[in-house]
Amino acid sequence: MAKLTTKYMGLTLKNPIIAASSGLTNRLSDIVDLEAQGAGAIVLKSLFEEEIIMEARDNINKMQATGFIYPETTEYFDYDEMEDPIANYLKLISDAKKAVKIPIIASINCVTSNKWPEFAKRIEAAGADALELNVFVLPTDMNRTAEENEKVYFDVISKVTSLVSIPVAIKISQYNTALGSFIKRLSDTPIKSIVLFNRFYNPDFDINTLDFTSTTVLSTPTELALPLRWIAVMADRVNCSLAASTGIHDGPAVIKALLAGADAVQVASTLYRNGFGYIGTMLKQIEEWMGEKGYKTIDDFKGKMSQSKSHNPAVFDRVQFMKFFRNRVRE
Ligand SMILES: Cc1cc2nc3c(=O)[nH]c(=O)nc-3n(C[C@H](O)[C@H](O)[C@H](O)COP(=O)(O)O)c2cc1C
């Protein structure tokens with residue numbers, strides 16, 4: 001029988017499938033259900049830096065105006081429904097810790113390292129097993145250089161990791177310059193995991209009405225290609241765990257991410273589409289594949305297709321489609 005346990009950022013997970021931070025991970029009943037359906041760990045919905053520093057409505061209006069993040073941000077900031085988001089969040093952590101055995105990873109969405117990092121101590125005190133920092137610095141700001149943007153990440157990491165002893169992960173987007181060097185330098189800090197990549201809301205509009213429309217909130221399986229390349233490239237070059245996020249919709253996609261070198265995967269869209277029960281299907285697909293291939297543990301195959309271990313490392317450096325088009329033209 002295949003053994004699915006894996007080590008992720010110093011935590012032992014019963015399997016590598018983590019329920020990603022989303023609207024599916026901010027209710028106790030859902031957290032209990034996610035564990036029952038087989039999730040290896042849960043990343044709670046992010047608490048926003050703005051909430052922590054209590055610059056409530058003004059900032060929120062600004063965020064809405066710029067289409068800053070997910071459509072459900074508005075819902076999240078409904079102060080009439082959620083009188084005290086901070087107290088509710090800390091309570092969710094402690095209630096979840098009492099209700100389930102799997103690791104509970106809290107999450108903070110931050111855009112600066114100002115004022116809020118002390119709050120990480122309260123997250124630790126509430127019982128969270130780990131903390132994921134969901135950092136996003138808008139790269140469209142023409143007045144900021146790449147160095148200034150990067151500094152935010154390093155400042156956040158340095159402050160938070162000096163305050164807590166639980167493992168800290170950083171979830172980043174692909175919108176960073178010299179990505180390989182950036183990821184490597186992040187891994188040289190005290191963080192214990194890098195999550196590649198967060199997925200953002202992208203604006204779209206109707207060509208007839210010129211109205212803005214929302215693009216798909218949920219990912220598609222083809223979107224795995226981007227994190228897959230970067231996990232494979234970075235797997236043997238970082239000093240911390242790697243988690244793959246975006247486009248992992250089924251068991252084979254989980255296997256791919258692990259083969260590329262991920263220690264765990266985070267899934268959201270597939271759970272929105274297929275329900276929590278689909279975690280069981282994915283686990284079965286992984287077990288069956290491991291059985292067929294004769295793998296007994298995740299470590300038996302993890303990283304086999306990383307850039308440094310695969311039989312064709314150059315594939316991960318190739319960016320042009322030339323061969324593909326040449327073949328097509330001749331068909
Ligand atoms: C409705 C929704 C809400 C999300 N909220 C958060 C969030 O609060 N914090 C965060 O780090 N990621 C958030 N995400 C991103 C997911 O954690 C995940 O990185 C992204 O959806 C890509 O994974 P997927 O392809 O499995 O959906 C959200 C995603 C969705 C669909």
Side-chain angles (χ1 to χ4, degrees), residues 9 16-27 30-31 34 39-52 60 63 67-78 82 85 88-89 92-93 104-111 123 128 130-137 153 156 160 168-175 191 193-202 214-228 230-231 242-254 256-257 262 264-276 278-279 281-282:
M9 61 187 299
I17 301 182
I18 299 173
S21 176
S22 71
L24 301 175
T25 59
N26 63 352
R27 266 187 224 102
D30 285 340
I31 291 167
L34 281 163
I42 291 172
V43 186
L44 300 182
K45 176 93 182 93
S46 298
L47 186 65
F48 286 72
E49 170 185 331
E50 284 81 356
E51 292 176 285
I52 298 168
I60 293 155
M63 286 167 74
F68 177 72
I69 196 161
Y70 302 98
E72 67 172 17
T73 305
T74 329
E75 190 187 307
Y76 197 81
F77 279 110
D78 189 339
M82 224 174 173
N88 284 345
Y89 200 74
L92 181 64
I93 295 172
I104 295 294
I105 304 171
S107 165
I108 295 174
N109 177 303
C110 43
V111 287
I123 284 191
L131 173 60
E132 187 174 284
L133 302 168
N134 165 18
V135 183
F136 185 62
V137 184
Y153 291 82
V156 168
V160 172
V168 178
I170 190 141
K171 185 179 191 184
I172 65 168
S173 77
Q174 68 272 27
Y175 300 114
I191 57 151
S193 168
I194 306 175
V195 184
L196 305 177
F197 293 106
N198 206 342
R199 181 174 182 275
F200 294 102
Y201 165 78
N202 280 310
S214 63
T215 45
T216 47
V217 176
L218 304 182
S219 69
T220 60
T222 55
E223 292 178 52
L224 172 61
L226 186 72
L228 194 67
W230 284 99
I231 294 276
L242 289 177
S245 164
T246 295
I248 295 164
H249 283 241
D250 54 21
V254 178
K256 260 191 196 179
V265 303
Q266 299 193 355
V267 293
S269 295
T270 192
L271 303 183
Y272 276 101
R273 285 218 172 86
N274 304 312
F276 295 172
Y278 201 66
I279 297 173
T281 306
M282 290 194 282

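Remember, it's 1-based here, ligands and their atoms both numbered in the order they're listed. If you read the sequence from its start, that first residue is 1, and numbering goes on from there.
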* Asked: Does the pair Ser219 and His249 meet the rule for a side-chain hydrogen bond (donor to acceptor under 3.5 Å, both in side chains), with working shown?
  -> CA-CA 9 Å; Ser219 69; His249 283 241; 2.8 Å; yes
* Show which atoms of ligand 1 fall inside a sub-4.0 Å distance from at least one heavy-atom site of Ala20. => 17 (O)
* Any N or O of Ser107 that comes nearer than 3.5 Å to an N or O of ligand 1? -> no
* Measure across Pro227 and Leu196 and return the closest heavy-atom pair with its distance rounded to 0.1 Å. => CB-O, 3.4 Å
* Asked: Does Ile108 reach the side chain of Val160, with side-chain heavy atoms less than 4.5 Å apart?
  -> no
* Verify, without hydrogens or angle tests, whether Arg199 (side chain) and Leu218 (backbone) share a donor-acceptor contact under 3.5 angstrom. => yes
* Structure fact -> Ser245 heavy atoms within 4.0 Å reach ligand 1 at atoms 18 (C), 19 (O), 22 (C), 23 (O)
* Heavy-atom pair of closest approach, residues Gln266 and Val43 -> NE2-CG2, 3.8 Å
* Which atoms from ligand 1 have a heavy atom of Val267 less than 4.0 Å away? -> 26 (O)
* To do: Please identify which atoms of ligand 1 are closer than 4.0 Å to at least one heavy atom of Lys45.
  => 5 (N), 6 (C), 7 (C), 8 (O)
* Quick check: does any side chain N or O of Tyr89 sit under 3.5 Å from a backbone N or O of Lys45, one acting as donor and the other as acceptor? -> yes
* Asked: In ligand 1, which numbered atoms sit nearer than 4.0 Å to a non-hydrogen atom of Val217?
  -> 1 (C), 31 (C)
* Asked: What pair of heavy atoms forms the shortest contact from Leu24 to Leu34, and how long is it?
  -> O-CD1, 3.7 Å
* Counting from 1, what ligand 1 atoms have a heavy atom of Tyr272 closer than 4.0 Å? -> 1 (C), 2 (C), 31 (C)
* To do: Just go through Ser21, Ala244, Ser22 and tell me whose heavy atom is the nearest to atom 14 (N) of ligand 1.
  => Ser21
* Structure fact -> Nearest heavy atom to atom 20 (C) of ligand 1, choosing from Glu132, Arg199, Gln266, belongs to Arg199
* Lys171 neighbourhood, listing ligand 1 atoms whose heavy-atom distance to it stays under 4.0 Å -> 10 (C), 11 (O), 12 (N), 15 (C), 16 (C), 17 (O), 18 (C), 19 (O)
* To do: Could you tell me if any non-hydrogen atom of Thr270 lies under 4.0 Å from any atom of ligand 1?
  => no
* Mind checking whether Tyr175 and Phe200 have parallel, tilted or perpendicular rings, split at 30° and 60°? -> tilted
* Structure fact -> Taking only non-hydrogen atoms of Ser219 and a 4.0 Å limit, the atoms of ligand 1 in range are 24 (P), 25 (O), 27 (O)
* Within reach of ligand 1, part of Thr246 (heavy-atom separation under 4.0 Å) -> both
* To do: Measure across Thr246 and Phe197 and return the closest heavy-atom pair with its distance rounded to 0.1 Å.
  => OG1-O, 2.9 Å
* Asked: When only distance counts, is Gly247 in polar contact with ligand 1, meaning an N/O pair under 3.5 Å?
  -> yes
* To do: Work out which heavy atom in Ile248 is nearest to a heavy atom in Val267; give both atom names and the distance.
  => O-CG1, 3.5 Å
* **N/O separation below 3.5 Å, Ala268 to ligand 1** => yes
